[in-house]
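Letters A, B, ... are given to chains in the order of the sequence lines, protein chains preceding strands, and every chain is numbered from 1.
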Number of protein chains: 2
Amino acid sequence: MTGSKRITIHDIARKAGVSPSTVSRVLNSTTPVAEAKRQAVTTAIQQLDYRPNLIAQGLARGTSTIIGVLTQDIGSPFYGELLRGIEYGFRGSRYHPIFADGNWQQAEEYNALNILRSRQPEALIILGGLMPDAEMLAAAQEFPLIIIGRSVPSLEEYCVLVDNFQGAYRATQYLIEMGHQRIAHITGIRSHQDTLDRQAGYEQALRDANLPINPDLIVEGTFQEQSGLLAVETLLMRANPFTALFAANDQMAYGARLALYRRGIRVPEDVSLIGFDDLPSSAYTTPPLTTVRQPTFEMGMSAAKATLNLIDQRPWPLPQLTPDLVIRESTGFARR
Amino acid sequence: MTGSKRITIHDIARKAGVSPSTVSRVLNSTTPVAEAKRQAVTTAIQQLDYRPNLIAQGLARGTSTIIGVLTQDIGSPFYGELLRGIEYGFRGSRYHPIFADGNWQQAEEYNALNILRSRQPEALIILGGLMPDAEMLAAAQEFPLIIIGRSVPSLEEYCVLVDNFQGAYRATQYLIEMGHQRIAHITGIRSHQDTLDRQAGYEQALRDANLPINPDLIVEGTFQEQSGLLAVETLLMRANPFTALFAANDQMAYGARLALYRRGIRVPEDVSLIGFDDLPSSAYTTPPLTTVRQPTFEMGMSAAKATLNLIDQRPWPLPQLTPDLVIRESTGFARR
DNA sequence: CTGAAAGCGCTTACAG
DNA sequence: CTGAAAGCGCTTACAG
């Protein structure tokens, strides 16, 4: 179970008949080294299967090559693609992301941030979260910082996000174009900015079409499946008919779809259903879900790339990401 | 963007009028320290908002407090719960998991392993993967090692997994009990042990019920949704009727369900459908999916706990995890 | 090109 | 109880 003595730069120096400094130099090719010695060192490294101790290197160089990533719910389908994108973005670089989860609770976020801090990250990526803007500004003082899925005033140029208002507007508008007039909305958690922006987009689209905003058609969810299911039950109990339903994320749309199914309400024949996110599985629900696509993988990847650029003090172009409406089969014309 | 000079143990020593050694001692409470000095140190720490540099500590103590986790597809829904469990299992400990992804490719797995190695992890958790058993044994020499979702000969006591054979057997048996005689199977990727075990369970259940094993009813998938969809198309083209379908994982079951839907084949009235994994969203498909549940969160959590125990040289009881059949609404009696 | 020395920020025997 | 010193495994001026 326990390995043999970890082998160090000194071991290979001895074996190669040079000084540790020289070994370090061939390792990092920072300074020319005589060919013979270089050879000796190289073969010694191979023979002893030596691998530099990154943490010692980190201490000596003052660089940890670690990027702290503050997540909110590692494990949720939405974060899955984001993480994959981040992981992909750092591949081949010498940097390695480490994750700490805030669990959508402020106290845990602070805690996670401190955990990350103690690992001396060279930059931070923060995904959403409930931390006050002031804290974000403070963090930006301390580290190169990229923020995903949230817009922080005066830090806009470090934020990677799609326009939630715009996405929701587009979704609602599409429903209206399809002839729907009574469009219900399941919101996310009130404290999230996404929730507010998406609801605002929904309402604006209604307004622009001269349709009334009916509070009875709006119900709050939690971004999770079960809440979508419950929301539909609530909506149905209110006996306020609707022919279309816009859920603030796909997971709630799944729950809503199930509630509808249980009541024998057909999608899209009786009710059109539209989500937000375009999770990978949304293309495989029955019927496949019409939804507002967030390019999550790309968001993660560009955040990673931007982080690398920030560290190297290069410009960090962030892509112009627009939420696309992906029209599948859960939406149709309103019944006449 | 760049922080001010990082403050160290010396800064607080100076401020508190003690030696760095003493600061270290109050930090770690390894040795009694006079109350007055302890106070001075504590307040200095607060005032300067000092946080120890974990990487320096690591070097000095020879402990990184890092656990390397080798994943295969961070971001897939199956791994989501596992990661969440792992994360949860390490909460409150001083250890922190870091992830590197093998992407289900041997070369990348080796690479990921080396990346982890360079971070000097104190233990390793390896999720599945294609690495030869011999490599796993070697890794176990080098680190305390826990393996999830795979059984490695002579390392059984370090493996956390559910019995795939048994789970598949149970699923198939249930279908048979419901009167199904022509049961199709969508397998996973051939090179995965899970695939083999699940198929074996399926076949054994058939055999035990004196039902024929019909190669025309078995089609290979990739564990992804699209392959489930394709598999059903293939099955349908073969014109070999079946009344039930067992997919080697939920994602393929989703794809299969969609293919069926497109053909107007009802679930469960015309075909019973059963998956494997019990992903969180499987409770919300239409109809909710009958499936073999893997307690992935618990698996992740117990792997983490076991790892901590291994590190501390304590016994590391691994739970007895059995795959439960979760009967929902995608299965029913065979048509007569 | 190359070695000896100092230093990265801590910890931990060692000697009071 | 406590300070000075050595050491963790590297890197990097500094002086040849």
Dot-bracket notation for DNA chain C is requested: 5' to 3', Watson-Crick or G-U wobble pairs only, both distances under 3.5 Å, with ( ), [ ], | and . as defined.
|||.||||||||.|||

How many whole angstroms separate atom [atom1] of [X] from atom [atom2] of [N]?
X	N	atom1	atom2	result
B/Tyr50	C/dG9	OH	P	10 Å
A/Asp11	D/dC8	CG	P	11 Å
A/Glu122	C/dC8	CD	C1'	14 Å
A/Arg117	C/dG9	CZ	C1'	19 Å
A/Arg38	C/dT2	CZ	P	10 Å
A/Arg94	D/dC10	CZ	C1'	14 Å
A/Ile45	D/dC10	CD1	P	10 Å
B/Asn28	D/dC1	CG	P	16 Å

Of the candidate nucleotides [options], which contains the atom at the shortest distance from the side chain of [X]?
X	options	answer
A/Ser21	C/dC8, C/dA5, D/dC8	C/dA5
A/Leu59	C/dT11, C/dC8, C/dT12	C/dC8
B/His10	C/dC10, D/dT11, D/dT2	C/dC10
B/Arg61	C/dT12, C/dG3, D/dC10	C/dT12

Toward the 5' end of DNA chain D, which comes first, A/Thr30 or A/Ile55, by nearest nucleotide?
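The residue closer to the strand's 5' end, by nearest nucleotide, is A/Ile55.
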
Quick check on DNA chain D: between B/Ala56 and B/Pro32, whose nearest nucleotide comes earlier from the 5' end?
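Nearest-nucleotide comparison on DNA chain D picks B/Pro32.
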
Lys/Arg-Asp/Glu bridge criterion (N-O < 4.0 Å) met for B/Arg94, B/Glu122:
no

Do the side chain of A/Ser24 and the main chain of A/Pro20 share a donor and acceptor less than 3.5 angstrom apart?
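Between the backbone of A/Pro20 and the side chain of A/Ser24 there is no qualifying donor-acceptor contact (under 3.5 Å).
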
Determine, step by step, whether A/Glu81 and A/Arg84 satisfy the salt bridge (Lys or Arg N to Asp or Glu O under 4.0 Å) criterion, reporting the C-alpha distance in whole Å, the side-chain angles of both residues, the deciding distance to 0.1 Å, and the verdict.
CA-CA 5 Å; A/Glu81 284 294 292; A/Arg84 193 183 254 152; 2.3 Å; yes

May I ask you to verify if any side-chain N or O of [X] is less than 4.0 angstrom from the OP1 or OP2 atom of [N]?
X	N	answer
B/Thr31	D/dT2	no
A/Thr8	D/dG9	no
A/Asn53	D/dC8	no

Select base, sugar-phosphate, or nothing to describe what B/Ser24 touches, counting heavy atoms under 4.0 Å on all strands.
base

Does B/Gln320 CD have over 12 foreign heavy atoms under 6.0 Å away?
no

Does A/Tyr88 have more than 12 heavy atoms from other residues, nucleotides or ligands lying within 6.0 Å of its OH?
no

Between A/Lys37 and B/Pro20, just flag the one whose closest nucleotide in DNA chain C comes earlier from the 5' side.
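Nearest nucleotide further toward 5': that of A/Lys37.
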
Considering only atom C1', compute the distance from C/dT12 to C/dG16 and round it to an integer number of Å.
16 Å

A/Trp316 vs A/Tyr158 aromatic rings, parallel, tilted or perpendicular, using cut-offs 30° and 60°?
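If you compare the ring of A/Trp316 with that of A/Tyr158, the planes turn out parallel.
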
Looking at residues at least two apart in the chain, or sitting in another chain, which of them share a side-chain hydrogen bond (donor to acceptor under 3.5 Å, both in side chains) with B/Asn53?
none

Could you go through B/Asn28 and B/Arg61, starting from their C-alpha distance and side-chain angles, then the distance that decides it, and tell me whether this counts as side-chain hydrogen bond (donor to acceptor under 3.5 Å, both in side chains)?
CA-CA 12 Å; B/Asn28 306 297; B/Arg61 291 185 184 148; 2.6 Å; yes

Quiz item: B/Arg25 side-chain donor-acceptor pair to D/dG3 base, under 3.5 Å
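Such a pair is found, so the answer is yes.
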
